[in-house]
Structure formats: C-alpha cells, structure tokens
Amino acid sequence: MAFLRNQTTHIPVIWATQVLEGLAKKGLPSRAEVTDAAMSGRAECVMLNKGPHMLAAIRFLNNVLLRMQQHQYKKRDLLRRLEISLG
C-alpha cells in the first residue's frame, strides 16, 4: 500500500528490507531474501547490507532484477479515468 502511494506522489522508493543479507554476510541467501530481491525491482533503489560476500550479493541482485524485468511492470497510470456524473 505504501509503495503505491509513493508511486502516485512521485516520491522515490528505496527498498531496504535486509535484501540478500544472508548472501552478503554468510555467502548463502534465504528463500525470503531472494523473494525480497525479486520484489525490489518495483523500487527505484535497493539498499544492500555490508558483508564479506558483497560482490556476490551485487551480482546476484543484478541477475535477479534482469530476469524479473520480463515479468514485472510498474503501473504508469497516475490518475484514474475521469467520468461525468449525470445527476
């Protein structure tokens, strides 16, 4: 809901939900982190955590986002269609 509200007000969205934290710190992402990475394509910016496997996390995120572009589209309609009330 907050994402859609920011989209209509033209406020940039930063996706910062511990995206790929397990991969950056331990070298292995959890299933939830991969899902977050896939959904982060809806935002303008993704925030990653620091860790010894940071380069692997960046490459993994790039791969996921490139593959998700084929399946995910931002809504472009800014205003609903105007209708004339008769009455």
Side-chain angles (χ1 to χ4, degrees):
M1 183 79 143
F3 173 76
L4 293 175
R5 192 175 323 124
N6 286 336
Q7 190 175 15
T8 59
T9 58
H10 302 285
I11 297 173
V13 176
I14 299 172
W15 198 274
T17 58
Q18 299 175 335
V19 178
L20 300 176
E21 182 179 24
L23 179 57
K25 292 185 177 180
K26 300 175 188 171
L28 187 66
S30 70
R31 185 183 307 169
E33 291 171 349
V34 173
T35 301
D36 272 349
M39 296 305 292
S40 70
R42 295 180 171 202
E44 282 75 26
C45 179
V46 181
M47 189 169 119
L48 294 174
N49 291 316
K50 294 181 189 176
H53 305 281
M54 194 66 206
L55 189 55
I58 292 170
R59 287 181 179 150
F60 186 87
L61 179 62
N62 185 51
N63 184 15
V64 168
L65 292 176
L66 287 174
R67 291 170 40 200
M68 286 304 293
Q69 281 180 343
Q70 301 168 21
H71 306 288
Q72 215 169 43
Y73 302 100
K74 290 184 181 184
K75 293 183 179 180
R76 296 290 183 201
D77 297 334
L78 300 178
L79 300 172
R80 64 181 174 84
R81 199 177 109 197
L82 294 176
E83 296 180 17
I84 298 174
S85 175
L86 300 175

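Residue numbers start at 1 and run along the sequence shown. Heavy-atom basis, side chains included; hydrogens, waters and symmetry copies ignored.
- In plain terms, the two heavy atoms of Leu61 and Ala37 that are nearest each other are CD1-CB, 3.9 Å.
- Contacts of Leu66 classified as side chain to side chain contact (heavy atoms under 4.5 Å, CB included), with partners at least two apart in sequence or in another chain: Asn62, Gln69.
- Contact annotation: the side chain of Met39 approaches that of Trp15 to within less than 4.5 Å [non-hydrogen atoms, C-beta and beyond].
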Would you be so kind as to tabulate the donor-acceptor pairs closer than 3.5 Å made by side chains of residues 21-30, with sequence neighbours excluded?
residue: Glu21; atom: OE2; partner: Lys25; partner atom: NZ; Å: 3.0
residue: Ser30; atom: OG; partner: Glu33; partner atom: N; Å: 3.2

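- When each of Asp36, Val19, Leu20 is tested with Val46 by the rule side-chain contact (heavy atoms from CB on, under 4.5 Å), just one qualifies, namely Val19.
- For the pair Glu44/Ile14, no side-chain contact is recorded, criterion being any heavy-atom separation below 4.5 Å from C-beta on.
- Taking all atoms of both residues into account, the shortest heavy-atom contact from Gln18 to Asn49 is CA-ND2, 3.7 Å.
- Minimum interatomic distance between Leu65 and Ser40 (heavy atoms only, all atoms of both residues): CD2-OG, 3.6 Å.
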